[in-house]
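Working notes for the structure below.
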Amino acid sequence: MAKPAQGAKYRGSIHDFPDFDPSQDAETLYNAMKGFGSDKEAILELITSRSNRQRQEICQNYKSLYGKDLIADLKYELTGKFERLIVGLMRPPAYGDAKEMKDAISGIGTDEKCLIEILASRTNEQIHQLVAAYKDAYERDLEADVIGDTSGHFRKMLVVLLQGTREEDDVVSEDLVQQDVQDLYEAGELKWGTDEAQFIYILGNRSKQHLRLVFDEYLKTTGKPIEASIRGELSGDFEKLMLAVVKCIRSTPEYFAERLFKAMKGLGTRDNTLIRIMVSRSELDMLDIREIFRTKYEKSLYSMIKNDTSGEYKKALLKLCGGDDDAAGQFFPEAAQVAYQMWELSAVARVELKGTVHPARDFNPDADAKALRKAMKGLGTDEDTIINIITHRSNAQRQQIRQAFKSHFGRDLMADLKSEISGDLARLILGLMMPPAHYEAKQLKKAMEGAGTDEQALIEILATRTNAEIRAINEAYKEDYHKSLEDALSSDTSGHFKRILISLATGNREEGGEDRERAREDAQVAAEILEIADTSSGDKSSLETRFMMILCTRSYQHLRRVFQEFVKMTNYDVEHTIKKEMSGDVRDAFVAIVQSVKNKPLFFADKLYKSMKGAGTDEKTLTRIMVSRSEIDLLNIRREFIEKYDKSLHQAIEGDTSGDFLKALLAICGGED
């Protein structure tokens, strides 16, 4: 078992069993397998309750007492996935990794994902132990076997990682960081072709601390994360390996949380991956993996395993998981540090927001107006020309085209477009042609008219817009519909939800920095209203009003500090607690505010993903976000999308839409990541 660093807390879910008696355990296992059939419950209960070190002692005692090999007996008595899991737990960690590597290499084809996972995530010491265990178990050289079964730059990087020589010095040279950033930039973005050797040398040898600073500086220097450059410059298994290395440098537990999620999502379960990770991380960082999993995927690892597996196999996996983070009282205090650090990063991060649609160079509104008229004149419509012009002009330029169209032809461009195009394409193109505030006002009006209210659209717009945007929307609403937005919201919503929306619709959010003392007071109010504070300082009605006022009027910077103080005070994450303690539209509105404060581009990436996943497409949400964010932060949204869902927004749109609507959306998307 790998020991935690000096002073570090143990983050595994499996601990040494108190009052451990290896002889007694050996006898219990022997009796469980004696005679006809076996007591699987007794086997799983015992083995998942002992640490790996203790399991090795049980193996030795079993041999001494009965002259038999415990692993061989377990293999004989058990079957299938349950057998693979239990036998995996019985091997020392390095020998477990060696067996996985051997299985990945031998036979027809190579399991590249297994090779990538192990070699990208292990420490120098773990790599050295793996190489020695492989030699001992199979009397073969692991490096030679990897070389014989892989090729190209993928093989070169695997061999570098197999040396286990990553620098471990925490002292970082700023000059070397800048040099590595420049070398990576010149090896990829600035070069015709790619100098893969530079990527291999730097990512394969530099210390984690050094590389984290390199990644930060790379983003500042180039305007794009290192992952985007890797995706653009590399390909195939080599690209996947380098991305895995980057993910493990950033956060090894997050890498494994993502691997576990992908092993269980969709149809079928990748049991080999699930078993390998649950076994190998159970005494290292399972608590961190659990916390990141729950924060990132809005469900606990425990609940996903429970819903995706069955029988003794499920019971054993749940024991290794160690607890359900969605169950009352199961939130473990140490894991709150992960949420705390996320809010700390959120508080100091200064992300430059970038759209995908920019003003066209050499812009000529008269020429564009004439081209659009020609595209709509006579029989048939030239949709390609319409799409090409409108998606490649900024909104300000589109307003000039409207004016030029009226001056030249005495016609309303919007009316002509409405009569020539239809359906999803018409909604998208006409949305792009409207001034932003008038477009948003129309979306709010549509959300409130007719039978039923589209609460999600109201929340999405009002919870995420800046003060200036909200004020412009109010003016546009009054101008277009001769009624105030507040009156419209009052007549169409009710209760606390109405109060939240009206508060957001005033556009009076503070715009200053944080106030630490007030942040602590605000966090206390949040803890009391969410019913996890030790004491209460007021009646519930006044607390609810204060909580709403805090979320709806405090500045984003201040709220980040409030949410961080909330973690420190309660050991809970505020978003998770709101989801758990509240319900309905009020919960959804508060969650949207919190997510927007934490990472607004990620909030929109999630909305886009949900608009396209499963059967059918929510074209209204898809169109609304693509139109409204195209000149603000759609490039940032694209980056968050591929980071979280492991596929690009471009790919998602391609797979879920068609025809001219698809062409226009891809033009706004602005590129493949």
Side-chain angles (χ1 to χ4, degrees), residues 352-373 375-376 383 385-408 411-418 420-421 424-446 457 460-462 464-480 507 600-601 604 608 620-638 649 653 660-661 663-671:
E352 185 185 355
L353 299 179
K354 291 183 178 179
T356 54
V357 174
H358 310 281
R361 292 178 183 175
D362 305 320
F363 172 58
N364 184 333
D366 295 322
D368 284 348
K370 288 172 184 174
L372 286 170
R373 175 68 178 144
M376 294 185 283
E383 285 90 355
T385 295
I386 295 171
I387 291 168
N388 190 49
I389 291 175
I390 291 175
T391 61
H392 290 93
R393 306 293 183 269
S394 67
N395 193 275
Q397 290 176 333
R398 293 182 206 122
Q399 304 317 311
Q400 291 182 55
I401 295 170
R402 282 179 73 174
Q403 191 59 53
F405 196 88
K406 191 110 180 186
S407 299
H408 279 288
R411 301 172 68 91
D412 181 352
L413 176 56
M414 295 286 280
D416 280 7
L417 286 167
K418 270 184 191 176
E420 292 292 331
I421 54 177
D424 296 327
L425 177 65
R427 279 191 288 274
L428 181 64
I429 294 297
L430 291 168
L432 289 168
M433 289 304 303
M434 294 179 74
H438 290 267
Y439 177 71
E440 309 268 57
K442 185 175 183 182
Q443 297 308 301
L444 290 169
K445 179 79 162 62
K446 280 182 170 293
E460 178 203 303
I461 294 170
L462 294 174
T464 60
R465 296 331 190 235
T466 65
N467 285 344
E469 288 167 341
I470 291 284
R471 288 168 194 150
I473 291 168
N474 272 289
E475 288 174 19
Y477 200 95
K478 185 83 171 175
E479 181 186 332
D480 294 345
K600 195 178 289 187
F604 284 115
L608 285 170
K620 287 181 182 176
T621 299
L622 176 57
T623 299
R624 184 172 61 244
I625 295 174
M626 295 296 287
V627 169
S628 64
R629 309 314 295 182
S630 60
E631 293 184 48
I632 299 173
D633 55 2
L634 190 52
L635 187 62
N636 306 80
I637 292 167
R638 268 171 42 186
L649 178 58
I653 291 169
D660 292 323
F661 183 50
K663 286 180 195 171
L665 285 172
L666 292 182
I668 299 168
C669 184

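For reference, positions follow the sequence shown, starting with 1.
Side chains of Arg373 and Asp416 form a contact here, defined as non-hydrogen atoms less than 4.5 Å apart. The side-chain heavy atoms of Leu413 and Met376, taken from C-beta on, include a pair separated by under 4.5 Å. The shortest side-chain heavy-atom distance between Phe661 and Thr623 falls under the 4.5 Å cut-off. Using a 4.5 Å heavy-atom threshold, the side chains of Ile390 and Leu417 count as touching. Counting heavy atoms from C-beta outward, Met434 and Val627 have side chains that stay 4.5 Å or more apart. Counting heavy atoms from C-beta outward, Ile632 and Phe604 have side chains that stay 4.5 Å or more apart. Gln443 places none of its side-chain heavy atoms less than 4.5 Å from the side chain of Ile473. Proximity of Pro359 to His392: side-chain heavy atoms (C-beta onward) are nowhere separated by under 4.5 Å.
The existence of a salt bridge linking Asp368 and Arg393 is confirmed by a sub-4.0 Å separation between a basic side-chain nitrogen and an acidic carboxylate oxygen.
A side-chain donor-acceptor contact under 3.5 Å links Thr356 to the backbone of Ile668. The backbone N or O of Asn636 lies less than 3.5 Å from no partner atom in the side chain of Lys354, so there is not a single donor-acceptor pair. Looking only at distances, no side-chain donor or acceptor of Gln403 sits under 3.5 Å from a matching main-chain atom of Pro365.
The two residues Ile637 and Pro601 make their nearest non-hydrogen contact at CG1-O, 3.6 Å. Smallest separation of non-hydrogen atoms from Leu428 and Ala664: CD2-CB, 3.4 Å. Here the closest heavy-atom approach between residue Pro436 and residue Asn395 is recorded as CD-OD1, 3.3 Å. Closest heavy-atom contact between Thr391 and Asn388: OG1-O, 3.9 Å.
Here the straight-line distance linking atom CG of Leu353 with atom CD of Glu631 works out to 13.5 Å at 0.5 Å rounding. Glu460 contributes atom CD, which lies 9.5 Å from atom CG of Leu444 (distance to the nearest 0.5 angstrom). In this structure, NZ on Lys620 lies 7.0 Å from NZ on Lys446, to the nearest 0.5 angstrom. How far CD of Gln397 is from CD of Gln400: 6.5 Å, rounded to the nearest 0.5 Å. Taken from CG in Leu634 to CG in Leu608, the straight-line distance is 7.5 Å, to the nearest 0.5 Å. The line from CZ of Arg465 to CD of Glu440 is 4.0 Å long, rounded to the nearest 0.5 Å.
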Begin from the C-alpha positions of Cys669 and Arg638 and carry the test side chain to side chain contact (heavy atoms under 4.5 Å, CB included) through to its verdict.
-> CA-CA 8 Å; Cys669 184; Arg638 268 171 42 186; 3.8 Å; yes

Derivation of the side chain to side chain contact (heavy atoms under 4.5 Å, CB included) call for Ile401 and Ile389 | CA-CA 10 Å; Ile401 295 170; Ile389 291 175; 4.2 Å; yes

Stepwise side chain to side chain contact (heavy atoms under 4.5 Å, CB included) test for Glu479 and His438 | CA-CA 9 Å; Glu479 181 186 332; His438 290 267; 3.7 Å; yes

Worked check of side chain to side chain contact (heavy atoms under 4.5 Å, CB included) between Glu469 and Thr464 | CA-CA 10 Å; Glu469 288 167 341; Thr464 60; over 6 Å; no

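With sequence neighbours excluded, the residues satisfying side-chain hydrogen bond (donor to acceptor under 3.5 Å, both in side chains) with His408 are Asp366. Scanning for side chain to side chain contact (heavy atoms under 4.5 Å, CB included) contacts around Ala367 gives Asn364, with sequence neighbours left out.
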